[in-house]
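Below: the structure, in structure tokens.
In what follows, chains carry the letters A, B, and so on, assigned in the order in which the sequence lines appear, proteins first and then strands, with residues in each chain numbered from 1.
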Amino acid sequence: MDKAYDHKKEEKNLYAMWERNGYFKPKGDPKKKPFTILIPPPNASGKMHTGNVLMIAIEDLLIRWHRMKGDPTLWVPGTDHAGTETQITFEKQLKKQGKSRFQYSREELYQEIWQFVQSNKGQIENQMREMGASVDWSRYTFTLDDHVLKTVHETFAKMYKDGLVYRGNYMVNYCPKCGTTYSDVELKHEERIDPLYYMKYGPFVLATVRPETKFGDTAIAVHPTDKRYKKYVGKEIEVEGVEGNFTLKVIADDFVDPKFGTGVVKVTPAHDKNDYEAGLRHNLEIKSVIDLNGKLNEKAGKYAGLSVVDARKKVVADLEEKGLMEKIDLKYLHTVALCKAGHGIEPMVLPNWFVKVDDPKKSFKKPAYEAVKNGKIKIFPKWREITYLRWMEEMRDWPISRQNVWGIQIPVWYNVEGHEQRIWVVFLDKTKTLHQGPISQHLRNNFTLEEMRKGIQKVFIPIYDMADNQPEIHVGKEMPKNGQWIQETDTFDTWFSSGQWPLVTLGYPDSEDFKKFYPTSVLETGWEIIRLWVSRMVMFGYYLTDQPPFEYVYLHGMVRAIDGRKMSKSLGNVVNPEEYVEQYGVDALRMGLIAGTANGKDFNFPRDRVIAFKHFGNKIWNMGRFLLLMREQYGKDVPQFTSALKLSSEDKKILKGLENLTRTVELSLNKFRFADAAEAIYQFMWHEVADNYIEQVKAREDKDVALSVLTHVYVTTLKLLHPFMPFVTEAIYQQMPDHGESIMIEPWPTA
RNA sequence: GGGCUCAUAGCUCAGUUGGUUAGAGCGUUGCAUUGACAUUGCAAAGGUCAGAAGUUCGACUCUUCUUGGGCCCACCA
């Protein structure tokens, strides 16, 4: 053995050896209950961050532990197409080349991104190998694999049939820059100081931060109990505006806070979430004045074509000029909603597909709520449960359509016949010229529907009136034969497909894997996606299989930067795991992360611990080296350890310690207390075995007994340590006398 | 505004049903070291467990409040 453990020399070879010998495939005693984990799929085009490393460390630990216990053990790897995120990344790259997505048809853009992802995909897969993940690569799943698409399409069709998905107008969080909508949970909120404008509105003065949306106002609201304005309620009032006079109805609604501003609110149902809901309650007209590019439309008169920001400036200036601006509070602090890329969100009313989450006939969310409530699914740490339960209680219908190209296209066709005037199509013709407008216009310009389909970027099919005759809808991947059809250009929200991860990875509904390994054992992930992902998997699981998709949920904490702040590129405090792997080895990095936190709380990247465990790896390496040296110097055969040996009190003590350790590790792992187990092994090996027992062996007369006990204790602790630090333990094990094929398939020590 | 969470040694953190001298890693100080390991050993210094009140025979651990962090949710225009 070398003088020091060299992780660079060992890690790659060991992983190749494990994989080559098929150790990662499920074996074990077929009579025992299988143990299954599905990897939370990382972004296929991304690279590994510290959170992923922690995830792999914990999952690999559980997997290796159960595999050694002889359970049929399966860990399925995979990657996610990460719709919005990937498309944003790709578009940034396009921009650098001076191009934009509008130069491509939907199909071309999809193919471009597909190539982009394919060329980046190898990185994350290699990194999973590098981290020692003992996943079964033969079951690798990418969220755009054909069999995934098939399942997702079928699920959607079933939900459509069951009346659990519908198409409707809805107030969505639309980002004009990204050209797509976001769900509530994808947004971030930021505090800002903006001017609050007090505008004169007929007899009222009212406060707003968005005077430019005034063209979409369809009412004025006051609080029902507000005496000041009681006489106006129900009346129509005349308002002088920058575009001439207009009349508005005054309504009473308790969403108005009489203490804010003047207690009077302009109601703009098309561009404000609050107002939208008030609009629904009072049957107000929804008057959109902002288009999909974030510019004011023709309803804004002379302001048409201006961006929201420019229009605001101009409207404010004009109001001041006309003497309609009472005052401006320049230091108004409020929160604004931002999209992932940090752009301002424009609330808009658009047609979208939705999942009805609480249908009275068959509730999508109810079984998922109850599963956790009544302990059918157990969440660790337990105090995170409340996040899940509260979310489930509050959850509203889930918008599942995204105006992205990169993703799974919603398998819906619309029969445009008779609706050519209303349906708006954006497409590129053969010469790559962009056309947008209603289908009727394209037809007049001698384009065929086939040409539109071929070069399509987007189709918008407005819903004027729910009772009106809507275009016929066909749900399915293939275009129907008879009729004039055009496919929905929206894709599914990423979580709609990844929410079916336990089903698609295991071959739902009828594969052998599905029968054997579903429901899975543990879902391990970061707590920040309880609502986005965990809840959706549980809902789909119950909807399609009447069973929970997993028994336990373990939620690890977020790894913050060394300075205690959230890692971010702009702060420059991102910890790159590669550097630590290079310098200290995978084992040290994994063990450091696992020991760095005990109970799922967020924690700072535990740099010192990583270093400490690098030292620990070297320490046990040298313990092994010294053990071999002593055996060699002893010269004679060392007997196999049995309890029949004539043991000294020191021997008895260390054996007792080993027994306690074995019990502690088992107990801790059962409770998901990984750090406790790690700490116990560290203390025992270093301070009891190395510092005490080995020192005492040096002076022993009965070397045969002492070396026999030492070998036994040492190899047993190596086994206990293996799920935590797989590489160094295997490397040493291969040097031990009478070793087996691999430590990872050795039986798990029992007390 | 609602909720979750944290405040323990110089730093980063453990401390699982309340029970004898509160622990670890790193750091600091002193000594040691030619049978493995300087990625070593032995030893030491260092904490009124944020503050206050309460429950209890007994509280770092339970309750309430105060102070100060972090995070999540939320429609205050």
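Proximity of A:K3 to the phosphate of B:C37: a side-chain N or O atom is located under 4.0 Å from OP1 or OP2. Not one side-chain nitrogen or oxygen of A:H615 sits closer than 4.0 Å to the OP1 or OP2 atom of B:C37. Neither OP1 nor OP2 of B:U39 sits under 4.0 Å from any side-chain N or O of A:R625. For B:U39, neither phosphate oxygen OP1 nor OP2 lies less than 4.0 angstrom from any side-chain nitrogen or oxygen of A:N622. Between B:G25 and A:H687, a contact under 4.0 Å exists linking OP1 or OP2 to a side-chain N or O. Phosphate proximity of B:C73 to A:R531: present, with a side-chain N or O under 4.0 Å from OP1 or OP2. Within the 4.0 Å cut-off from OP1 or OP2 of B:G41, not a single side-chain nitrogen or oxygen of A:K698 is found. An OP1 or OP2 oxygen of B:A14 is reached within less than 4.0 angstrom by a side-chain nitrogen or oxygen of A:K601.
Put simply, CE on A:M558 is 12 Å from C1' on B:C72, counting in whole angstrom units. Protein atom CG of A:L669 is 15 Å distant from nucleotide atom C1' of B:U16, rounded to whole Å. Following rounding to the nearest Å, A:N173 (CG) and B:A74 (P) show an atom-to-atom distance of 10 Å. Note: OH (A:Y388) to P (B:C4) measures 19 Å, nearest angstrom. Separating the CG atom of A:D602 from the P atom of B:G69 is a distance of 18 Å, rounded to the nearest angstrom. A:D676 has its CG atom 12 Å from the C1' atom of B:A24, to the nearest Å. At whole-Å resolution of the value, CD1 in A:I620 and P in B:U40 are 14 Å apart. Between the CZ atom of A:R390 and the P atom of B:C73 there is a distance of 12 Å, given to the nearest Å.
With both ends at atom C1', the span from B:C72 to B:U16 equals 25 Å, rounded to whole Å. Atom name C1', nucleotides B:A7 and B:C75: the rounded distance is 34 Å, in whole Å. On the P atoms, B:G58 is 44 Å away from B:C73, given to the nearest whole Å. With both ends at atom P, the span from B:C13 to B:G70 equals 14 Å, rounded to whole Å. Remark: the separation of the P atoms in B:U48 and B:A9 is 9 Å, to the nearest Å. For the P atoms, the distance linking B:C4 with B:C60 amounts to 25 Å, nearest Å. Between B:U63 and B:C76, the distance separating the two P atoms is 31 Å to the nearest Å. Nucleotides B:U28 and B:C37 have their C1' atoms positioned 23 Å apart, rounded to a whole Å.
Side chain of A:K619, nearest nucleotide from B:U39, B:G35, B:A36: B:A36. For A:R673, the side-chain atoms get nearest to B:U16 when compared with the rest of B:C71, B:U16, B:G70. Of the candidate nucleotides B:C75, B:G2, B:A24, B:C75 has the atom nearest to the side chain of A:N274. Comparing atom distances between the A:A4 side chain and each of B:G35, B:G25, B:U39 picks out B:U39 as nearest. Ranking B:U16, B:C4, B:A36 by closeness to the A:F626 side chain, first place goes to B:A36.
Inter-residue side-chain proximity for A:W686 and A:M623 is flagged as unmet; no heavy-atom pair is nearer than 4.5 Å. Between A:D676 and A:T664 there is no side-chain heavy-atom pair separated by less than 4.5 Å.
Within the shown strands, nothing qualifies as a pairing partner of B:C76 under the Watson-Crick or G-U definition with both distances less than 3.5 Å. With a cut-off of 3.5 Å on both pairing distances, the Watson-Crick or G-U wobble partner of B:G30 is B:C42. B:U16: no Watson-Crick or G-U partner with both key distances under 3.5 Å is found in any strand. Base-pair partner of B:U21: not found among the strands shown (Watson-Crick or G-U wobble, both distances under 3.5 Å). Judged by Watson-Crick or G-U wobble contacts below 3.5 Å, the nucleotide B:C62 has B:G54 as its partner. Searching all strands for a Watson-Crick or G-U wobble partner of B:C4 with both distances below 3.5 Å returns B:G70.
Taking the six-membered ring wherever Trp is involved, the centroid distance between the rings of A:Y388 and A:Y369 does not fall below 6.0 Å. You'll find the ring centres of A:Y554 and A:F380 outside the 6.0 Å limit. Within the 6.0 Å centre-distance limit, the rings of A:Y580 and A:F605 are counted as a close aromatic pair. Separation of the A:F204 and A:Y229 ring centroids falls under the 6.0 Å cut-off.
A:Q633 comes within 4.0 angstrom of a base, heavy atoms only. Using a 4.0 Å heavy-atom cutoff across all strands shown, A:W621 reaches no nucleic acid atom at all. Residue A:F613 is classed as having no contact, given no heavy-atom separation below 4.0 Å to the nucleic acid. If you check every strand for non-hydrogen atoms under 4.0 Å, A:D691 touches sugar and phosphate atoms only.
A side chain to side chain contact (heavy atoms under 4.5 Å, CB included) with A:L627 is found for one member of A:I732, A:V697, A:L710 and no other, namely A:L710. When the options A:V689, A:T717, A:L721 are evaluated for a side chain to side chain contact (heavy atoms under 4.5 Å, CB included) with A:I620, the one that passes is A:L721.
Counting distance only, with no hydrogens placed and no angle test, the side-chain atoms of A:E695 and the base atoms of B:A36 include a donor-acceptor pair under 3.5 Å.
Across the interface with RNA chain B, nearest-nucleotide mapping of A:A612 and A:N604 shows A:N604 to be the residue nearer the 5′ end. Between A:L196 and A:N618, the residue anchored nearer the 5' end of RNA chain B, judged by the nucleotide with its closest heavy atom, is A:N618.
Residues A:H7 and A:D587 bring no donor and acceptor atom of their side chains to less than 3.5 Å of each other.
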